[in-house]
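Below is a structure I'd like to ask you about.
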Amino acid sequence: MASRTPSAAPLAEEQRPAARAPRRRLSVDERREQLIAVALQLFSDRAPEDVSIDDIAAAAGASRPLVYHYFPGKQALYEEALRRAGRELAGRFEEPGEGPLSERLYRVMGRYLDFVQSHAAGFTALLRGGSVAASPDADAVIDQVRRAAQEQILLHLGVPAPSPTLRRTVRAWIANAEISSLDWLSDKPVPVETLQLQLVQELVAALALTATRDPELASLLGEFFSEERPDGPTALLVRDLAATFTAPALTEALFRLAAPPAP
């Protein structure tokens with residue numbers, strides 16, 4: 001009688017191939033958010049003109065037609081990514097209104113410069129005006145960020161009704177911070193903390209100058225300075241100015257300029 005071939009023993013549980021979990025289908029909102037997030041990362045790493053719809057589709061694990069299903073073209077996706085980045089950047093100017101003013105501003109500028117570094121390529125191209133992706137809508141987003149930053153700085157100052165002079169001072173400082181940080185990105189000549197301190201001190205100096213023309217701000221400067229600590233940004237600025245103004249080469253000239261003109 002022929003012997004029966006024994007049947008194969010069942011596989012042990014650990015030997016069985018793992019069942020592949022079903023891939024969850026993204027909802028319409030989730031897919032749109034994913035495409036924006038992927039595009040923002042690509043636009044942060046490269047200038048907008050160096051990113052294609054195919055690049056975005058590949059990074060999102062989607063097809064080119066699917067990207068076009070959600071956005072009419074790269075420009076629309078770029079502007080949406082820019083709006084998201086703008087909201088994030090504006091939020092970095094928010095800071096609890098407690099403690100010395102210059103230390104609050106120092107923390108704000110630390111977050112601002114972190115953002116600039118992490119979105120270097122794309123935003124450098126746009127803000128320098130060298131991007132083919134620039135458009136009125138993109139410019140409007142950038143301007144909204146600047147205005148939001150201005151309002152946050154004015155909130156820190158606590159001036160109930162900021163004068164046009166004070167608003168212009170803060171707006172000019174924001175433009176200076178933007179230009180300075182983007183120039184710094186090109187070769188990073190100093191540590192980022194040095195630029196961070198410099199930008200804060202430049203605002204303090206600009207506010208002191210503006211106070212000579214703005215009585216309401218002048219009345220608040222004493223309160224601001226009384227809260228500053230000896231190791232804070234304002235104290236460091238005052239010591240640097242004192243050392244400069246008392247240098248022998250400058251003392252005589254400064255005293256002559258400070259003296260009232262002869263009748």
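Residue numbers count from 1 along this sequence.
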Practice prompt. Identify whether the distance between the nearest side-chain nitrogen and carboxylate oxygen of Arg171 and Asp143 falls below 4.0 Å.
Written response: yes
Discussion item. Whether the Thr165 and Asp214 side chains hold a donor-acceptor pair (N or O, under 3.5 Å, no angle test) is what I'd like checked.
Written reply: no
Worksheet item: Which value, rounded to the nearest 0.5 Å, describes the distance between Gln150 atom CD and Thr169 atom OG1?
Response: 10.0 Å
Worksheet item: If every non-hydrogen atom of Leu199 is compared with every non-hydrogen atom of Ser180, which pair is closest and at what distance?
Response: CD2-CB, 4.0 Å
Item to complete: Check whether any side-chain heavy atom of Val159 lies under 4.5 Å from a side-chain heavy atom of Leu166, and answer yes or no.
Response: yes
Worksheet item: Run the salt bridge (Lys or Arg N to Asp or Glu O under 4.0 Å) check on Arg84 and Glu79 step by step: do they pass?
Response: CA-CA 9 Å; Arg84 172 174 294 186; Glu79 290 172 4; over 6 Å; no
Worksheet item: Closest approach of Val204 and Leu237, non-hydrogen atoms and distance?
Response: CG1-CD2, 3.9 Å
Item to complete: Just jot down the salt bridge (charged side-chain N to carboxylate O under 4.0 Å, His left out) partners of Arg64, sequence neighbours excluded, or say none.
Response: Asp54
Worksheet entry | Check: Ala175 main-chain N/O paired with Glu178 side-chain donor or acceptor under 3.5 Å | no
Worksheet, complete the sentence: Scanning both residues in full, the closest heavy-atom pair of Ile53 with Gly73 reads CD1-C, 4.2 Å
Worksheet item: Can you tell me if Arg239 uses its side chain to pair, donor with acceptor, with the backbone of Pro230 under 3.5 Å?
Response: yes
Fill in: Expected output: side-chain Thr194 to main-chain Val190 donor-acceptor under 3.5 Å
no
Item to complete: Could you give me the CA-CA distance, side-chain angles and deciding distance for Ile142 and Leu82, then say whether side chain to side chain contact (heavy atoms under 4.5 Å, CB included) is met?
Response: CA-CA 8 Å; Ile142 296 296; Leu82 188 62; 4.2 Å; yes
Fill in: Steps toward side chain to side chain contact (heavy atoms under 4.5 Å, CB included) verdict (Val116, Leu89)
CA-CA 9 Å; Val116 168; Leu89 179 55; 5.8 Å; no
Worksheet item: Is there a donor-acceptor contact under 3.5 Å from the side chain of Lys74 to the main chain of Ile56?
Response: no
Item to complete: Please examine the side chains of Val108 and His156, heavy atoms only from C-beta on, and report whether any two atoms are closer than 4.5 Å.
Response: yes
Fill in: same_hphob_cluster(Tyr68, Val51) at 4.5 Å side-chain heavy-atom cutoff
yes
Worksheet item: Between Glu80 and Arg32, does a side chain to side chain contact (heavy atoms under 4.5 Å, CB included) hold up when you go through it step by step?
Response: CA-CA 10 Å; Glu80 191 58 47; Arg32 189 174 188 278; 3.8 Å; yes
Discussion item. Using a 3.5 Å distance criterion without hydrogens, assess whether the side chain of Glu228 forms a donor-acceptor pair with backbone atoms of Leu101.
Written reply: yes
Discussion item. If I take atom CZ from residue Arg147 and atom CZ from residue Arg167, how far apart are they, to the nearest 0.5 angstrom?
Written reply: 9.0 Å
Item to complete: Supply the atom-to-atom distance Tyr106 OH to Gln196 CD, rounded to the nearest 0.5 angstrom.
Response: 4.0 Å
Worksheet item: So if you build clusters from Ile, Leu, Val, Met, Phe, Trp, Tyr with side-chain heavy-atom gaps below 4.5 Å, do Phe245 and Leu257 land together?
Response: no
Discussion item. If you define the side chain from C-beta out and look only at heavy atoms, does anything of Leu157 sit under 4.5 Å from Leu220?
Written reply: no
Practice prompt. Give the minimum heavy-atom separation between Val38 and Ala59, together with the two atoms involved.
Written response: CG1-CB, 3.3 Å
Worksheet item: Hey, does the side chain of Gln201 reach the backbone of Pro233 with a donor-acceptor pair shorter than 3.5 angstrom?
Response: yes
Worksheet item: How far apart are the closest heavy atoms of Ser102 and Thr234, and which atoms are they?
Response: CB-OG1, 3.2 Å
Practice prompt. Would you please name every residue forming a side-chain contact (heavy atoms from CB on, under 4.5 Å) with Val192, sequence neighbours left out?
Written response: Leu113, Gln117, Trp184
Worksheet item: Any chance the side chains of Ser52 and Asp55 put a donor and an acceptor closer than 3.5 Å?
Response: yes
Fill in: Interatomic spacing from CZ in Arg83 to CD in Glu88 - rounded to 0.5 Å
16.0 Å
Discussion item. Do Leu241 and Leu254 land in one hydrophobic cluster if side-chain heavy atoms of ILVMFWY residues count as linked below 4.5 Å?
Written reply: yes
Worksheet item: Can you tell me how far the CG atom of Leu185 sits from the NE2 atom of His119, to the nearest 0.5 Å?
Response: 12.0 Å
Discussion item. As a quick check of understanding, evaluate side chain to side chain contact (heavy atoms under 4.5 Å, CB included) for Arg92 and Asp114, giving each step before the final call.
Written reply: CA-CA 10 Å; Arg92 296 194 180 204; Asp114 283 345; 3.7 Å; yes
Worksheet item: Looking just at side-chain N and O atoms, do Gln198 and Glu202 make a donor-acceptor pair shorter than 3.5 Å?
Response: yes
Response to the item:
Contacts of Phe93 meeting ring-ring contact (aromatic ring centres under 6.0 Å, His included) (sequence neighbours excluded), chain-then-number -> Tyr112
Worksheet item: Honestly curious: do Val200 and Leu154 fall in one hydrophobic cluster under the side-chain, below-4.5 Å linking rule?
Response: yes
Discussion item. Regarding Arg104 and Glu95, does a basic nitrogen lie under 4.0 Å from an acidic carboxylate oxygen?
Written reply: no
Worksheet item: Are Leu42 and Leu66 linked, directly or through other ILVMFWY residues, by side chains that come within less than 4.5 angstrom of each other?
Response: yes
Worksheet item: Got a second to check how far Leu77's CG is from Phe43's CZ, nearest 0.5 Å?
Response: 5.5 Å
Discussion item. Under a 3.5 Å threshold, yes or no: a donor from one side chain and an acceptor from the other, between Ser163 and Glu216?
Written reply: no
Discussion item. Give me the atom names and distance for the closest heavy-atom approach of Arg111 to Glu94.
Written reply: NH2-O, 2.7 Å
